[in-house]
Amino acid sequence: MVTSITSFGRSGLYDWLVQRITALVLGCYTVFLVVFFLSNPGLNFQDWTSLHAQLPVRIFSLMALFSLGAHCWIGLWSVSTDYIKPFGYRFLFQVVVGAAMFIYIVWGIQLLWGF
Amino acid sequence: MLNVSIYRYHPEQDEKPHMQDFQVDTSGKDLMVLDVLFSIKEQDSSVVFRRSCREGVCGSDGMNINGKNGLACITPLSSCVKKNKLVLRPLPGLPVVRDLVVDMGQFYKQYEKVKPYLLNDTPAPAIERLQTPQERAKLDGLYECILCACCSTACPSFWWNPDKFIGPAGLLQSYRFLADSRDTATQERLAELDDPFSVFRCHGIMNCVNVCPKGLNPTRAIGHIRNMLLDRAT
Amino acid sequence: MAENISTMSFDAVVIGGGGAGMRAALQLTEAGIKTACITKVFPTRSHTVSAQGGITCAIASDDPDDDWRWHMYDTIKGSDYIGDQDAIEYMCSVGPQAVFELDHMGLPFSRTEKGRIYQRPFGGQSKDFGKGGQAARTCAAADRTGHALLHALYQGNLKGGTTFLNEWFAVDLVVNDNKAVVGVIAICIETGETVYVDSKVTVLATGGAGRIYQSTTNAHINTGDGIGMCLRAGLPVQDMEMWQFHPTGIAGAGTLVTEGCRGEGGYLINKDGERFMERYAPNAKDLAGRDVVARAMVMEILEGRGVGKNADCVHLKLDHLGEEVLESRLPGICELSRTFAHVDPVKEPIPVVPTCHYMMGGIPTNVGGQVLFPESESKDRVVEGLYACGEVACVSVHGANRLGGNSLLDLVVFGRAVGLQVEKSIRDGYSVKPATQNNIDVAMVQLQRLNNSKGGERISVVRTELQRIMQLYFGVFREGPSMRKGLDLLRQLRGQLQNVYLQDKSQAFNTDRIESLELNNLFEVAFATAVAAEARQESRGAHARNDYTDRDDKQWLKHSVYYPEEERIGKRDVNFNPATMPAFPPKIRTY
Amino acid sequence: MSKKRPVNLDLTTIQLPLPALTSILHRVTGVMLFVGLIFFFYVFDLSLANEAGFNTVKSLLTQHFGAKFIAWGLLTALSFHLLAGVKHLIMDFGYAETLKSANLAAKVVLSSCVILSILVGVWLW
């Protein structure tokens, strides 16, 4: 058993499952947006904001946002452990990714509920 | 005349490895790569490689043949030579001892990690432990592994984490014991595997399947292990 | 004179990481004895891996009434009556226990519907002491039994915690002033370092030496290292003229095609499509003893009924068995024949030819694996500290001809027996006088001569010539005058060998040095074979002479013993005293 | 003898099968998308902030070549990452685990991605 404290769930299976479930959420969200854009060719500001004013859409967006955070972390963590061998650089990379995801999530919540 | 280019490295003489060219007269025959190596060793006895059974069952002569890992003794020239050129390099990713001989230590260590032996905590009967043909059939495609390391050394995940990712060969053997109806240590075995490196570095790129000289499928075995882990956890 | 080399110390050292060596090492390690297993290749690369058909043993799966005594009878008859009956009795009676242990270790045997180990018919097997027809007694893991067995044993040793010295080459035995063996000089191939491995007891399990012939089913590593070490230490070897030619080696390549093919219903045909074994062995047909089948094949070829471009082989027909049977029971054979014969056995017959396969002779030992020095026909002396098991040993359970599937049984039974005997001996307080520097220097002579060589013959040239001589003058059929010619040629070759030139003198992974040492061993084996073959003036088992076509029990119901120091052949009594039953007296051997 | 042994890992000399290509592209596009998140978030933020912002986004995406190019690149990466992800999920369910079917799946992913990237281009321009 290889132990690692920086991985997302510390269990390979858990990380793997989270990666799949978040992927599913993100995939659905992407398809949802694509369908919305394609079915509203002349999209204007009102259509766009009213879409995001609906509670179900807000919840969906929030789910996608959290999924994005987890998905990116697990993916990039595994990238960092594959290619960045010196501990210092790897840790730095992980800190940057972690900070970025934190900022994105705060930013996302703020813009979803802020308008 | 066949042009052969061989990876040379002698720890007592060379700072760095280099490629050396040889010409081999194959008399137009479709020799095996190992036969070509024997001719080269007659030209230059300092060329070093491993070999034993010469029929593809001992797994000694795994090497990178024109870019693809395989056993020299069962790779005919017709299946690998292009433009009359044969390039032989040691198995990728493992430290080179000399020429085509790599240090397999890391590979064996990963094999040993999966406890590749039958564990059964019930008292042994006076005869064999019974097993139906159907139960036995689950071991087909698993027990035939010859530990040549062609698969693991073709796996990028193993290149990047040879000390942490068990690799296709080790995982195939891990599943060989998970699948054996005579083994009772399934839960303990699975518990040992549930970390982010041992199993889950497999990204299904299939290079192990692509190079396995015995036609085995480690990717599928890894999938089975994952399903067993999932089954155990949910 | 010699530089001081470093020393490693153990209670027991096993030389050889094949089936016999690993079985012995496992027994010793489990007994808590400090053991090292020296092996020149990683253990799973040993030649046991190539064994295909199975391990013959009366476990009573195919036939619930099967009896180990029937197996004993078959083995004695197969040996053409020079197998030692006490040893055969031991092997056949202990066998089932040894096989069940393998199953418990994890060996993935094929199974019957009842869940028991699958057994297939092999040559020379009968029920009820030859009166009950063909038996099916060979326990199989498809056609990869050797592979499965070797891996199971390695895995067992991993579990048991055996110390392996992988890719170490044993050069020569160290013998102390009391003529007891006290370890071995060995080279770590990876670093090139030479070490004295000091040990109370030394077990030789170095396997066969099929590479003395040009055409062989044996791996490149089968160079008779244990025989070479013994002969250089002045110890005699037994029955060296007895070399088994396996009937079915793939023509040209020499790769083995298991007897299990014929066990599953395949048969041999000549160019007329005739199933010729019906003429030579009306009852057992294709499942007669291997010596019988091999000779029949050579007769067919010599009489112009061979197949192929040069009419120099016969066909093994399997296609009538159907794809399903072939793929489930003989998958490895399908693979090998596609690779090496370019033939798909599902559709076409495989071209096969008798090919050197197994050394029945070897280092004489008792049932406990203790090496014996035959001092006269009826008196042996135990060589202190030295044991042997597996193909290198001559217990002798195979006599003049080994039955298929008995080699794997031999190595697990006697590997185990050696372990038990050594354990007992060490528990009883066996102790030795340590080696002096002079003892070590003596064992270093060979290596030093090689390391100091400054020119002379190339290794590959001498080896090729050796193999050519053996193939030509000591093959399936032998004759006095041609063997004497072969012997002369070997004597000439010895001069070249002493002058062989090691070009590469570097340390790291120097395979050239190892091959030179192996060549010396090959030569020792070949020479002993030649002298013994010339001396045995009869035809028995695998030893078939055109000038002495009959078996001569009056003169030669004996083991031959080759004494290296005088280069002479002596005789040794065959054991006719099994412990639990009357002996089987010699009879005319027909199948 | 104590010096470090070399390792043969010159990737230009090693053949890899097609699924290896899709796997590495899956990674590359993943990293690209991570970097590109800043654009997604910026555009999202701007478009929801007020009508002027929304119109800026709209004009950027219909007129500004640079913006269009970045959008096209990211959307192509997204479609590849998504398709390769779907392939992963299919394999997780035990399909396409033979060499032949995995090669076929990789081909399908690669060619679908090419088609999607063309469609995205058509839509943007």
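With a threshold of 4.5 angstrom between heavy atoms, D:N103 does not approach chain B through any atom at all. Looking at D:T22, there are no atoms closer than 4.5 Å to chain B (heavy atoms on both sides), in backbone or side chain. At a 4.5 Å heavy-atom cutoff, the contact between B:N64 and chain D is made by side-chain atoms alone. Contacts of D:H88 with chain B are made by side-chain atoms alone, with heavy-atom separations under 4.5 Å and no backbone atom involved. Only the side chain of B:R226 comes within less than 4.5 Å of a heavy atom in chain D; its backbone stays farther off. Proximity to chain D (any heavy atom under 4.5 Å) is restricted, for B:N217, to the side chain, taken from C-beta onward. With a 4.5 angstrom heavy-atom cutoff, B:V211 does not touch chain D via any of its atoms. Of the two parts of B:N227, only the side chain, counted from C-beta on, holds a non-hydrogen atom closer than 4.5 Å to a non-hydrogen atom of chain D. In this structure, chain D has a heavy atom under 4.5 Å from the backbone of B:L91, while its side chain stays farther away.
In this structure, CZ on D:R5 lies 11.0 Å from CG on B:L94, to the nearest 0.5 angstrom. Rounded to the nearest 0.5 Å, atoms CE (B:M206) and CG (D:L18) are 12.0 Å apart. Taken to the nearest 0.5 Å, the CG atom of B:N69 stands 10.0 Å off from the CD atom of D:Q15.
Here the shortest heavy-atom pairing between D:P19 and B:G204 reads CB-O, 4.3 Å. Nearest heavy atoms, B:W159 versus D:L16: CH2-CD2, 4.4 Å. For the pair D:V7 and B:P95, the tightest heavy-atom approach, listed with the atom from each and the gap, is CG2-CA, 3.9 Å.
In B:K85, the NZ atom is crowded: over 12 heavy atoms of neighbouring residues, nucleotides or ligands sit closer than 6.0 Å. Within 6.0 Å of CG on D:L119 lie more than 12 heavy atoms contributed by other residues, nucleotides or ligands. Heavy atoms from other residues, nucleotides or ligands lying under 6.0 Å from CZ of D:F39 number 12 at most.
When each of D:T13, D:D10, D:L9, D:L11 is checked for a side-chain contact (heavy atoms from CB on, under 4.5 Å) with B:P92, only D:L9 meets the rule.
Ranked by heavy-atom pairs under 4.5 Å with chain D, the list B:G223, B:P17, B:A154, B:G93 is led by B:G93. Contact count against chain D (heavy-atom pairs under 4.5 Å) is highest for B:H203 among B:H203, B:K16, B:R98.
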I'd like to know whether B:R89 forms a side-chain contact (heavy atoms from CB on, under 4.5 Å) with D:I14, so could you lay out the CA-CA distance, the side-chain angles of the two residues, the decisive distance to 0.1 Å, and finally the verdict. CA-CA 10 Å; B:R89 302 171 66 95; D:I14 300 170; 6.0 Å; no
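The closest donor-acceptor contact from the side chain of D:N8 to the backbone of B:P90 lies under 3.5 Å.
Side-chain contact between B:V209 and D:E97: absent, with no pair of heavy atoms (C-beta onward) separated by less than 4.5 Å.
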